[in-house]
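To start, the structure itself, in structure tokens.
Order of listing sets the numbers, starting from 1, for every ligand and every atom in it. Only a predicted model underlies this, so the values are computations on that prediction, with no experimental measurement involved.
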Amino acid sequence: MSKIIVVDPFDYVVVGGTGDLAKRKLFPALYHRELDGQLPDEARIIGVARSELTRDAFKAQVEAALREFVPAADIDEAVFAKFLNRFSYQPNNAFTVEGYQKLKDTLDEHPDRVRVIYLATPPSLFGPISAFLAEVGLNGPRDRLVLEKPLGHDLPSSQEINADVAKAFDEAQVYRIDHYLGKESVQNLMALRFGNVLFESIWSNAVVDHIQITVAEDIGAGDRATYYSKSGALRDMVQNHLAQLLCLTAMEAPASMDADSVRDEKLKVLRSLRPFNAEDLTTNVVRGQYTSGAINGESVPGYATELGEATTTETYVALKAHVDNWRWAGVPFYLRTGKRLPVRSSEIVIQFKSIPHSIFRPYTTDQAVPNRLVIRLQPDEGVSLRLMTKDPGPGGMRLRAASLDLSFKDEFELERFPDAYERLLLDVVRGNRTLFMRRDELEAAWEWVTPILNVWSASDDEPKPYQSGSWGPTAAAMMMDRDGRHWHEDMR
Ligand code: NDP
Ligand code: BG6
């Protein structure tokens, strides 16, 4: 049974409160926490944006968004009304100090509360907004600043944003969101690795052949096409979400779940990533772009058609990474992500080596298939372990592969998995930074991918086309093929 602990009284300011992220993710997430009774009576939510709106007009926008993005079955009208009543609105252009002063006056009505200021705005505003917040004194010990991704578009721009924010806020007050860290299944990865004695001793190059990390989406760039056209899959997914999954998979056991213990270990992984050289970029990094095709039987246009112009933005990336340390020397990490793939499915595959010698050969020509641990992150969150067993019945000592399968939903009789933002938004109130990225981590991840971006932008090469509904460009399959391996595509 989950345990609901009401958090301390807070004021949550969402700068960018009229935007897509706030309406589609943040407010529905807070509503679900309300539904579970986790919000204290005093809590307030204050939207900030340039639009001149009255409180009622803003509440009407929030209400419409909640009715669209919260499943109807989860709407309890009494809770809904209570939740809506928490909202107020403060019009403010990010560049005018008067608005911040008004905001401070509102927040100072309750000087003892935790104050969270969530910047759901374009990242170019993070530096200026931080400076204004500091100017009016909204950077005191109780103030926490949440920064949404993307934090920059390469290493220098990320360093610049972080440096600007650091002039106004202490690192301990800054919460950088990577929503993958808030996913239950991603936290389960830590539970699996460090809550069981079984795995640690086999979690290394002694028995692991290679690791695959896949985040596949069946959706296209969709409503966020303009943002995506400037970003592409490497910046949008690999630098953050996939890099974080790699860290959690490869890191050493932290001394505790304390934020810096975990982040120190993740940072060590990022710093052990082998830099890409020119040869890697042609053989071990594949970028693709979807063309028209069909998803679930429905025809969909190609990315360039959706965007209305030819573009070199990649909607797919596959790459081979190496973590150069004692534990992982010689074990490739294959990462891939893409839009308009056949299914929405994210998983981590730990592929173990073959047995060193088969004692069954006199009885069977069957090869023992190597063990494989699949950690399913979404959907159908769970774990499956492929084992070799004896094929039942007569016929000699023949082997057959079978799976030990754990579905978290069935095992724990869950009706729903909380959205990642539900956990993260309240972790900020709790002051728990374990699931947020530290500045050095973020910059190390940018340092790893920036050489790829630089080479791509200087080259005439274009992303390789792949049909919507396929598993990406053939070059990604060939990259595996050259290593005598193949992608795990048996996803449900
Ligand atoms: P939107 O464009 O939908 O919203 C931007 C918000 O910022 C609006 O509320 C806008 O309101 C406000 N805003 C813009 N300029 C100013 C300004 N000068 N002063 C005050 N407010 C301003 O963007 P999204 O909500 O989609 O994204 C917000 C951020 O979150 C972006 O950095 C995005 O990349 C990131 N993100 C978004 C995700 C999503 O699913 N949408 C997912 C992950 C990250 P107004 O115009 O009235 O000022
Ligand atoms: C976001 C990316 O960070 O993650 C989107 O900007 C992507 O492009 C999304 O679709 C995927 O998140 P999830 O939780 O749906 O796997």
Heavy-atom contacts with Q378 under 4.0 Å: which atoms of ligand 2 show up? List them by number with element.
13 (P), 16 (O)

Note: ligand 2 atoms sitting under 4.0 Å from heavy atoms of H241 are 1 (C), 3 (O), 4 (O)

Distance only, no hydrogens: is a donor on one side chain within 3.5 Å (strictly under) of an acceptor on the other, for N93 and T96?
no

Just checking, any donor-acceptor pair under 3.5 angstrom between side chains of Y334 and R485?
yes

Test ring-ring contact (aromatic ring centres under 6.0 Å, His included) applied to W456 - qualifying residues, sequence neighbours left out:
none

Near ligand 1, at a heavy-atom separation below 4.0 Å: residues by chain and residue number:
G16, G17, T18, G19, D20, L21, R24, A49, R50, S51, N92, N93, A94, A120, T121, P122, P123, L125, E148, K149, P150, R224, Y227

Please state which protein non-hydrogen atom is closest to [atom] and give its distance, to 0.1 Å?
atom: atom 9 (C) of ligand 2; result: E217 OE2, 4.0 Å
atom: atom 16 (O) of ligand 2; result: Y180 OH, 2.5 Å
atom: atom 5 (C) of ligand 2; result: D236 OD2, 3.5 Å
atom: atom 15 (O) of ligand 2; result: R344 NH2, 3.3 Å
atom: atom 4 (O) of ligand 2; result: H179 CE1, 3.3 Å

What's the verdict on side chain to side chain contact (heavy atoms under 4.5 Å, CB included) for E314 and Q289, showing C-alpha distance, side-chain angles and the deciding distance?
CA-CA 5 Å; E314 79 286 355; Q289 188 185 96; 6.0 Å; no

By side chain to side chain donor-acceptor pair (under 3.5 Å), Y466 pairs with (sequence neighbours left out) T315

With D427 via side-chain contact (heavy atoms from CB on, under 4.5 Å) - residues at least two apart:
R423, R430, N432, L435, F436

